[in-house]
Amino acid sequence: MKKFPLSHSDLDSKCAFTFSLMRLMAFFVATFVLCSVIFSVSVVLRDPPSDAALREPSSLTPLFQITQDLDNDTSDSVQLLRDKLHGGLLVDGFDENSCLSRYQSAEYHLKGLSGNPSSYLISRLRKYEAQHKQCGPYTEFYNKTVEQLRSGKFTESSPCKYVVWISFSGLGNRILTLASAFLYALLTNRVLLVDPGVDMADLFCEPFPDTSWFLPADFPLTAQFNSFSQKSDECHGKMLKNKLVVNSNVPSFVYLHIVHDYDDHDKLFFCDEEQHFLQEVPWLVMKTDNYFVPSLFLMPSFEQELNDLFPNKETVFHFLGRYLFHPTNSVWGLVTRYYQAYLAKADERVGIQIRVFDTEPGPFQHVLDQILACTSKHKLLPDVNNQQDATNSSGSPKSKAVLMASLSSGYFEKVRDMYWEYPTVTGEVVGVYQPSHEGYQQTQKQMHNQKAWAEMYLLSLTDVLVTSSWSTFGYVAQGLGGLKPWILYKPENRTAPDPPCRRAMSMEPCFHAPPFYDCKAKRGTDTGELVPYVRHCEDMSWGLKLVDTDTYR
């Protein structure tokens, strides 16, 4: 093919076209770079790096900082969820409005949990929840076992067995015994059902998801709850006394009498040999006013399971209490309104719980003297300068809020007036508050119990706690709060004891009426000397309590 040379005009046209193409490409490149810069600036301005990142010359720092902030936000969210669920004790998914305290309580327990629950405890709680959902009120298995109970004939074994807790005694006792019954149910693979009594549903939210722990109103034994006693034919102790316990003849239910007046036969409940018989009984009906957990730790058949559940022995009620006991919205309103009004802004919160076991109502001067001696000796509250009317203070003084709980208003008024009339020697400002003063214990009165439950919970939110000997009210507060209180010794002959108080060995409650019996040797023994983690109580020399052997020597 013959080629023709290009003319000058053709060359000019080709050059012009090439130049235009190059300009167009340059425009696109410039536009792309400009867009990239604008995007980078917008990202940085929207989520600016920290001061350290701004000082770093590397152009990669802002991108690294953004990634790090996202990781931190995720970590904080996980931690917030963990705190909301109390270290995994609770599960997410409940209707929050039906029980505000369940997930809000973590915001008020500023110190969080005292230690971490074992992974085994958390897994057992999840397993129990599934079991309760399968066996709870009006399920197929529940209906079948109730029918056997009505007929009085135990015809076939069921995968669901039950512990029925009878509502009995004062509110503090009920909380402690309900935790004890739940732990026993956990150890024996039973489902716990709660007698609602006159006010339990007004005090506590449902703790288990998608089911109820309250015993239905048509339960066939409910009418007998008040009459069950050691004399009942179905009483475990009486059956043992009359030699009617035969493994081949399993009754449809057995009544367990674990009240403070129980006898030696009733106390055999804490022997493994009797547990072998009881584990076959479909319904165990329990009446108790004792926190009997320490004696469960002395039973060989439960030893390994309890060690796995609670490596730190003194956290039993602390963890079970946070898991089980959530104030209803009416009680939670009493707690939160009072806390926000009087306690929230203080630098430190000091709780003082006063229970006087006297035939007269008081107040008593020797009790007031004992309280002030304890709080002064251990620097819990500052002394006052009664020789001076005012102090020359600069800046913002440290504030302390003192929450007092007592049936009498007399102690509160004396302490409040002392800190109003005189300045403190430290310059601290002390406010003294008492939510109620009911005069005397009114166990069956709904509002009285709602206020009592609210005050126990408020005391658990303090930083330092002083409690009275023998008082289950104080035991509940210290356990929920994870606090080792200063325990006021019980006065004798209306004289203030010296020393006035001592620090508790652990946050665990005291078992007031434990058995003193060696099941294996079949003779009496000091059960406070058998293992290092079960000791005699500080406030009751014959009582038993759990301690952590790693922290208490």
Side-chain angles (χ1 to χ4, degrees), residues 169-175 203 331 334-335 337-339 341-343 349-377 380-381 384 400-422 430-462 464-478 481 483 485-498 500-501 539-540:
S169 194
L171 181 58
N173 294 79
R174 281 186 277 165
I175 293 173
L203 300 173
V331 177
L334 296 175
V335 172
R337 286 190 295 272
Y338 203 91
Y339 185 90
Y342 302 108
L343 306 178
R349 287 157 286 276
V350 179
I352 302 177
Q353 180 265 330
I354 307 165
R355 178 67 192 275
V356 179
F357 296 91
D358 200 290
T359 54
E360 295 182 22
F364 301 100
Q365 185 61 44
H366 69 276
V367 174
L368 177 64
D369 292 341
Q370 181 183 6
I371 294 167
L372 295 177
C374 176
T375 56
S376 174
K377 179 178 181 179
L380 309 180
L381 290 176
V384 296
K400 287 193 176 187
V402 181
L403 176 70
M404 300 189 71
S406 173
L407 292 172
S408 168
S409 63
Y411 306 106
F412 152 71
E413 291 167 355
K414 291 286 188 181
V415 177
R416 177 201 60 190
D417 290 350
M418 181 181 74
Y419 283 110
W420 183 28
E421 293 169 2
Y422 302 106
V430 180
V432 185
Y433 313 100
Q434 181 170 326
S436 71
H437 41 87
E438 299 286 283
Y440 61 96
Q441 190 168 355
Q442 304 164 53
T443 300
Q444 299 301 316
K445 188 176 177 182
Q446 179 180 336
M447 181 50 71
H448 173 86
N449 283 331
Q450 287 185 339
K451 289 180 179 179
W453 178 211
E455 289 182 33
M456 289 183 208
Y457 211 97
L458 283 166
L459 286 171
S460 80
L461 303 178
T462 58
V464 180
L465 184 61
V466 178
T467 62
S468 298
S469 292
W470 298 17
S471 176
T472 56
F473 194 112
Y475 294 160
V476 172
Q478 73 193 45
L483 302 167
W486 294 92
I487 304 175
L488 297 167
Y489 286 110
K490 191 173 182 293
E492 301 291 342
N493 302 318
R494 294 192 176 179
T495 303
D498 185 19
C501 61
D539 55 335
M540 187 172 282

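If you read the sequence from its start, that first residue is 1, and numbering goes on from there.
- Summarising the geometry, atom CG belonging to L380 is positioned 6.5 Å from atom CH2 belonging to W486; distances are rounded to the nearest 0.5 Å.
- Side-chain contact between I175 and W453 is present, with heavy atoms from C-beta onward closer than 4.5 Å.
- Between R494 and E360 there is a salt bridge, since at least one side-chain N of the basic residue sits less than 4.0 Å from a carboxylate O of the acidic one.
- Heavy atoms only, all atoms of each residue included: L343 and A401 are closest at CD2-CB, 3.8 Å.
- Shortest non-hydrogen contact noted between P500 and K377 is CD-CD, 4.4 Å.
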Test log, rule side-chain hydrogen bond (donor to acceptor under 3.5 Å, both in side chains), inputs S460 and Q478: CA-CA 6 Å; S460 80; Q478 73 193 45; over 6 Å; no
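- Applying the 6.0 Å contact sphere to NZ of K414 captures no more than 12 heavy atoms from other residues, nucleotides or ligands.
- Separating the CD atom in Q450 from the CG atom in L171 is a distance of 10.5 Å, to the nearest 0.5 Å.
- Of the possible polar contacts, one joining the Q353 side chain to the S468 backbone as a donor-acceptor pair under 3.5 Å is found.
- L372 places none of its side-chain heavy atoms less than 4.5 Å from the side chain of Y411.
- Contact annotation: the side chain of V350 never approaches that of L403 to less than 4.5 Å [non-hydrogen atoms, C-beta and beyond].
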side-chain hydrogen bond (donor to acceptor under 3.5 Å, both in side chains) assessment of E455 paired with S436: CA-CA 9 Å; E455 289 182 33; S436 71; 2.2 Å; yes
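- Heavy-atom minimum distance, Q434 versus S409: NE2-CA, 4.0 Å.
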Intermediate values then yes/no, side-chain hydrogen bond (donor to acceptor under 3.5 Å, both in side chains), Y475 and N173: CA-CA 9 Å; Y475 294 160; N173 294 79; over 6 Å; no
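- In this structure, the separation between CD1 on I354 and CZ on F473 is 11.0 Å, given to the nearest 0.5 Å.
- Taking CD1 of I352 as the start and OG1 of T375 as the end, the distance is 5.5 Å to the nearest 0.5 Å.
- Atom CG of L465 and atom CG of L483 lie 5.5 Å apart (nearest 0.5 Å).
- In this structure, T495 contributes its side chain and N493 its backbone to a donor-acceptor pair below 3.5 Å.
- Distance alone, capped at 3.5 Å, is enough to place a donor-acceptor pair between the T462 side chain and the L459 backbone.
- A pairwise comparison of heavy atoms in D539 and S469 identifies CB-OG, 3.4 Å as the closest pair.
- Ring-plane geometry between Y342 and Y338 is classed as tilted, the angle between the planes lying from 30 to 60 degrees on a 0 to 90 degree scale.
- Annotation: side chain of S408 is not in contact with side chain of H437 (no heavy-atom distance under 4.5 Å).
- Relative to the six-membered ring of F357, R355 meets both conditions, a distance below 6.0 Å and an angle of at most 45° to the axis.
- By the 4.5 Å heavy-atom criterion applied to side chains, Q370 and P491 are counted as neighbours.
- Looking at heavy atoms from C-beta onward, K400 lies in side-chain contact with L381 at the 4.5 angstrom threshold.
- Counting heavy atoms from C-beta on, the side chains of V335 and L461 come closer than 4.5 Å.
- Listed here is the closest heavy atom pair of V432 and F412: O-CE1, 3.3 Å.
- In this structure, I371 and L488 have side chains that are in contact, with non-hydrogen atoms separated by less than 4.5 Å.
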